[in-house]
Amino acid sequence: MRERILDSENGGVPLTEINTLVIGSGAAGLNAAVQLHRQGVEDVLILTEGLNKGTSINTGSDKQTYYKLSLCGDESDSPKSMARDFFNGGGMHGDLALVEASGSVRAFSHLVQLGVPFPQDAFGQFIGYKTDHDPRRRATSVGPYTSREMCLALIREVKRMQIPVRENLTVVELAVAGEDGGRRAAGAIAVDSEGKFHAFLADNIIFATGGPGGLYEASVYPSVHTGGIGLALLAGAKARNLPDSQYGLASTKFRWNVSGTYMQALPRFISTNREGEDRREFLREYCESPGEMNSLVFLKGYQWPFDPRKINGSSLIDLLVYLETVEKSRRVWLDYRTDPNDLSFAQLSDEAREYLEKSGATQATPLARLQHMNPGAVELYREHGIDLSSEIMEIAVCGQHNNGGLAGNRWYESENISHLFPVGEVNGSHGVYRPGGAALNAGQVGGFRAAEYIAHRHAKPSAGISLLENALRESLCNVFSWREKCRLSPHDWRQECKEFRQRMSRAGAQIRSEKLLRQAVAEAREQWRRLGTEGCRAENAAEWAEVFTTRQLCYAHLVYLEALLFFVASGVGSRGSALTLHETGEPLHRLLGQNWKAKKEDESFREKVLETVFADGDFRHEWIQRRPLPETESWFETDWAVYREGRVYD
Ligand SMILES: Cc1cc2nc3c(=O)[nH]c(=O)nc-3n(C[C@H](O)[C@H](O)[C@H](O)COP(=O)(O)OP(=O)(O)OC[C@H]3O[C@@H](n4cnc5c(N)ncnc54)[C@H](O)[C@@H]3O)c2cc1C
């Protein structure tokens with residue numbers, strides 16, 4: 001690592017030169033840095049908003065899941081079998097499925113080695129359970145905070161290895177240079193909490209900025225996490241499967257999925273006007289009987305993500321919450337203090353009644369049932385300032401995870417910007433459906449792959465300093481020229497964020513229609529144009545990070561909406577965690593109007609992958625045939641030779 005001053009038209013800026021810059025310190029970025037070090041690439045710097053920022057260290061769920069190859073009992077499992085299950089989710093490239101399956105044991109064992117307390121039995125077997133889209137028992141967990149435990153263990157390792165970390169820095173622009181007719185990463189510009197700008201010249205960038213948490217108004221990503229995909233999109237990086245995301249019910253004051261026992265306790269769902277008045281139980285009229293309504297709420301407990309295939313079942317609840325909160329602009333709350341009107345255990349479905357009876361959860365109130373089944377669930381909210389015994393709790397259908405993201409190859413290098421390695425949630429390796437816990441696995445495997453490739457192919461400087469430096473200067477110019485516009489701007493960045501977040505939750509989340517999206521895209525283009533020409537203002541130096549984050553998020557929301565419009569107009573229909581409305585579709589419910597008809601999924605699209613890239617002045621979207629699962633011969637002598645000669649990196 002070398003420090004100097006970079007002269008630019010706007011004066012000198014501190015410059016750090018480094019072989020590999022890791023942007024982001026979530027579970028994925030931290031592991032990538034550790035693996036680089038293990039591979040002998042020691043000229044590494046982690047640059048981050050903060051070690052306590054991002055999704056991994058700030059989030060969790062009832063039983064936060066890590067997905068890995070089965071390592072217990074006599075159930076057979078293999079990389080190919082796990083890869084097939086990833087692949088069968090649709091929309092995922094076969095080679096990436098095999099890579100994420102093959103890397104699973106290595107990534108998991110590494111975490112165990114670092115002290116993450118994944119449960120074992122008395123014989124050392126890593127016991128597992130079944131998660132969603134999982135035909136075996138490959139899932140494991142250390143409790144509600146699996147990803148936090150992973151981060152804490154990885155941070156200890158980063159410190160032990162003395163890998164330098166620069167905190168309180170927000171990257172505002174990626175620098176990209178032209179090389180050999182293509183493009184390559186050159187570095188990044190960041191701003192600190194005092195509004196000072198810093199330049200980083202890097203041969204390689206591991207881009208681990210997480211999912212697009214800052215795009216939605218209704219979001220269960222931690223509020224400190226906005227994500228940075230817009231930076232790479234602004235730099236022209238190719239994206240994949242942006243429309244495939246997961247949405248579900250979550251509390252909004254303290255962001256947490258209300259899955260599992262939160263639903264099985266059968267709380268009362270009420271809606272109010274914006275001021276919190278005019279309380280109504282709104283689910284009942286859409287159900288034949290109180291028994292049906294409460295049975296659907298119960299099922300929601302273990303069918304957490306919104307799923308258009310379950311609209312006649314538990315996902316009706318998400319749909320009705322969306323109607324209240326978005327269409328009717330009301331607010332929705334859970335009340336654990338009193339039972340839903342006319343609750344009768346005798347009227348529940350056999351499944352719900354038997355479960356509650358067997359669990360001894362037949363107490364007189366939802367709170368008492370929740371307390372009985374899962375006391376920690378009540379305590380968790382108390383710790384975060386919500387007392388379920390004395391108040392109602394606001395919820396919404398929230399964005400939780402993006403299966404899509406940037407397009408990387410099987411070594412996690414961007415498909416169109418070399419030396420840029422998106423890893424973690426920002427890498428769109430997943431397809432339509434993925435097993436619960438596959439996100440954490442993918443983030444770890446990505447770090448191993450990228451580090452190994454860098455160590456074998458990019459460890460030495462591969463471009464002239466001047467090429468990279470010129471690209472950095474150009475980026476600085478962009479940054480400073482937009483900053484000048486912002487100085488005079490009448491627009492408040494908070495308002496700008498509110499505008500695109502509301503638009504995304506209305507038109508770009510789990511309920512989609514071509515009409516809504518056309519309008520949303522037009523509005524998004526206008527907002528992006530206005531932000532580009534008029535900027536938005538920082539009230540003080542510390543707000544420059546927010547102002548620039550608003551810029552990349554606004555661009556990201558435009559790209560997502562453009563991709564969503566193309567996706568819907570292509571006729572993909574309802575799939576994954578999103579419902580597409582169409583006039584020729586199936587009516588959703590007798591009480592919903594004519595507009596509420598769902599377009600069925602055209603499953604042929606599961607054999608394709610949607611790519612989005614900005615090129616020649618416009619967005620280009622293209623459905624490409626996905627790559628099949630590789631047929632590997634796995635003959636030791638020949639594969640060994642390929643490995644020895646380094647041809648695995650070709
Ligand atoms: C409520 C919830 C429950 C979940 N449950 C599960 C589960 O059970 N199983 C599972 O597999 N997955 C789950 N996920 C998803 C999983 O937690 C995330 O995909 C994963 O933690 C993302 O890790 P990451 O390292 O990619 O990103 P993050 O942990 O989000 O880290 C991103 C890092 O980048 C930094 N950063 C971002 N932008 C910038 C910038 N401009 N400049 C500098 N730094 C920047 C951030 O500060 C942070 O350090 C869940 C997610 C949520 C929200």
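Every number for a ligand or one of its atoms is a count from 1 in the order of the listing. Predicted model only: the values in this text are computed from it and were never measured. Keep in mind that the numbers below use all heavy atoms, side chains included, and drop hydrogens, waters and symmetry copies.
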**Numbered atoms of ligand 1 (with element) below 4.0 Å of L169, judged on heavy atoms** = 42 (N), 43 (C)
**Prompt:** For C151 and G26, which heavy atoms make the closest approach, and how far apart are they?
**Reply:** SG-C, 4.1 Å
**Request:** Supply the atom-to-atom distance Y555 OH to I229 CD1, rounded to the nearest 0.5 angstrom.
**Result:** 11.5 Å
**Request:** Scan residues 226-254 for pairs that pass ring pair (Phe, Tyr, Trp, His ring centres under 6.0 Å), counting only residues two or more places apart or in two chains.
**Result:** Y216-Y247, F254-W256, F254-Y381, F254-H384
**Message:** Return the closest protein heavy atom for atom 3 (C) of ligand 1 as residue, atom name and distance.
**Reply:** Q400 NE2, 3.1 Å
**Fill in**
Across all chains, not counting sequence neighbours, the ring-ring contact (aromatic ring centres under 6.0 Å, His included) partners of Y453 are W411, H458
**Message:** Can you name the atoms of ligand 1, numbered from 1 with element, that are less than 4.0 Å from a heavy atom of G424?
**Reply:** 26 (O)
**Asked** Where does V426 meet ligand 1, judged by heavy-atom distances below 4.0 Å: at the side chain, the backbone, both, or neither?
**Response** neither
**Request:** Please answer whether the main-chain N or O of Q502 pairs with a side-chain N or O of E217 as donor and acceptor at a distance below 3.5 Å.
**Result:** no
**Prompt:** So F197 and F480, ring-ring contact (aromatic ring centres under 6.0 Å, His included) or not? Walk me through it.
**Reply:** CA-CA 9 Å; F197 287 82; F480 287 144; 5.4 Å; yes
**atom 27 (O) of ligand 1 - nearest protein heavy atom and its distance** = G210 CA, 3.3 Å
**Request:** Give, for atom CG of L420 and atom CD1 of I206, the distance between the pair rounded to the nearest 0.5 Å.
**Result:** 9.5 Å
**Message:** Tell me whether ligand 1 is touched by N441 - counting only heavy atoms on the residue side and a distance under 4.0 Å.
**Reply:** no
**Complete:** the protein heavy atom lying closest to atom 8 (O) of ligand 1 turns out to be T65 N, 2.9 Å
**Prompt:** Should you measure from each heavy atom of S56, which atoms of ligand 1 turn up under 4.0 Å away?
**Reply:** 20 (C), 21 (O), 22 (C), 23 (O), 24 (P), 25 (O), 28 (P), 29 (O)
**Asked** So F108 and Y66, would you call those rings parallel, tilted or perpendicular, with 30° and 60° as cut-offs?
**Response** tilted
**Asked** Is there a donor-acceptor contact under 3.5 Å from the side chain of R410 to the main chain of L98?
**Response** no
**Request:** Assess whether side chain to side chain contact (heavy atoms under 4.5 Å, CB included) is satisfied between I46 and I163, documenting all intermediate values.
**Result:** CA-CA 8 Å; I46 301 177; I163 299 173; 4.2 Å; yes
**Prompt:** Counting heavy atoms only, which part of H225 comes closer than 4.0 Å to ligand 1: side chain, backbone, both or neither?
**Reply:** side chain
**Message:** For a quick test of reading the model, state the closest non-hydrogen atom pair linking S141 to P119 and the distance between them.
**Reply:** O-CD, 3.1 Å
**Prompt:** Looking at ligand 1, does any of its N/O atoms fall within less than 3.5 Å of an N/O of T55?
**Reply:** yes
**V423-ligand 1 polar pair, N/O distance under 3.5 Å** = no
**Request:** Quick one: look up the protein heavy atom nearest atom 16 (C) of ligand 1 and list residue, atom name and how far away it is.
**Result:** L440 CD2, 4.0 Å
**Asked** Does any N or O atom in G211 lie less than 3.5 angstrom from one in ligand 1, N or O only?
**Response** no
**Request:** Between E425 and ligand 1, find which residue part has any heavy-atom pair under 4.0 Å and reply side chain, backbone, both or neither.
**Result:** both
**Item:** Under 4.0 Å to a heavy atom of A28 - the qualifying atoms of ligand 1, by number
**Value:** 25 (O), 26 (O)
**Request:** Say whether, by atom type as modelled, one donor and one acceptor occur between the side chain of T209 and the main chain of G227 under 3.5 angstrom.
**Result:** no
**Message:** Give me the nearest non-hydrogen protein atom to atom 12 (N) of ligand 1 as residue plus atom name, then the distance to 0.1 Å.
**Reply:** A439 CB, 3.6 Å
**Message:** Using a 3.5 Å cut-off on N or O atoms only, is G436 in polar contact with ligand 1?
**Reply:** no
**Nearest protein heavy atom with distance in Å, relative to atom 48 (C) of ligand 1** = G54 CA, 3.6 Å
**Prompt:** Does any N or O atom in T170 lie less than 3.5 angstrom from one in ligand 1, N or O only?
**Reply:** no
**Request:** Using a strict cut-off of 4.0 Å, indicate which atoms of ligand 1 neighbour a heavy atom of V220.
**Result:** 1 (C), 53 (C)
**Complete:** The atoms of ligand 1 lying under 4.0 Å from a heavy atom of G60, numbered in the order shown, are 1 (C), 3 (C)
**Request:** Between A208 and ligand 1, find which residue part has any heavy-atom pair under 4.0 Å and reply side chain, backbone, both or neither.
**Result:** backbone
**Message:** Side chain or backbone, does A27 bring an N or O within less than 3.5 Å of an N or O on ligand 1?
**Reply:** yes
**Main-chain N/O of C554 paired to Q527 side chain as donor or acceptor, under 3.5 Å** = no
**Item:** Ligand-residue contact atoms, ligand 1 with G437, heavy atoms, under 4.0 Å
**Value:** 9 (N), 10 (C), 11 (O)
**Enumerated ligand 1 atoms positioned under 4.0 Å from heavy atoms of H401** = 15 (C), 19 (O)
**Prompt:** What distance do Q510 atom CD and Q246 atom CD have between them, rounded to the nearest 0.5 Å?
**Reply:** 12.0 Å
**Asked** Considering only heavy atoms, which of E49, K53, Q64 lies nearest to atom 46 (C) of ligand 1?
**Response** E49
**Message:** Could you check whether any heavy atom of G443 sits closer than 4.0 Å to an atom of ligand 1, since that is the contact criterion I want to use?
**Reply:** no
**Message:** Using a 6.0 Å distance limit plus a 45 degree cone around the ring axis, check whether K68 lies over the aromatic ring of F118.
**Reply:** no
**Asked** How many angstroms lie between atom CZ of R148 and atom OG of S56, to the nearest 0.5 angstrom?
**Response** 11.0 Å
**Item:** Per atom 1 (C) of ligand 1, closest listed option by heavy atom (T59, L231, N58, L30)
**Value:** T59
**Item:** Distance (rounded to the nearest 0.5 Å) between T226 OG1 and E49 CD
**Value:** 5.5 Å
**Prompt:** With only distance considered, is Q552 within less than 3.5 Å of ligand 1 through an N or O on each side?
**Reply:** no
**Asked** What protein heavy atom sits nearest atom 31 (O) of ligand 1, and how far off is it?
**Response** G26 CA, 3.3 Å
**Request:** Hey, could you give me the CG/CH2 distance between D62 and W304, rounded to the nearest 0.5 Å?
**Result:** 11.5 Å
**Prompt:** What residue and atom, counting heavy atoms only, is the protein's closest point to atom 42 (N) of ligand 1, and at what distance?
**Reply:** V171 N, 2.8 Å
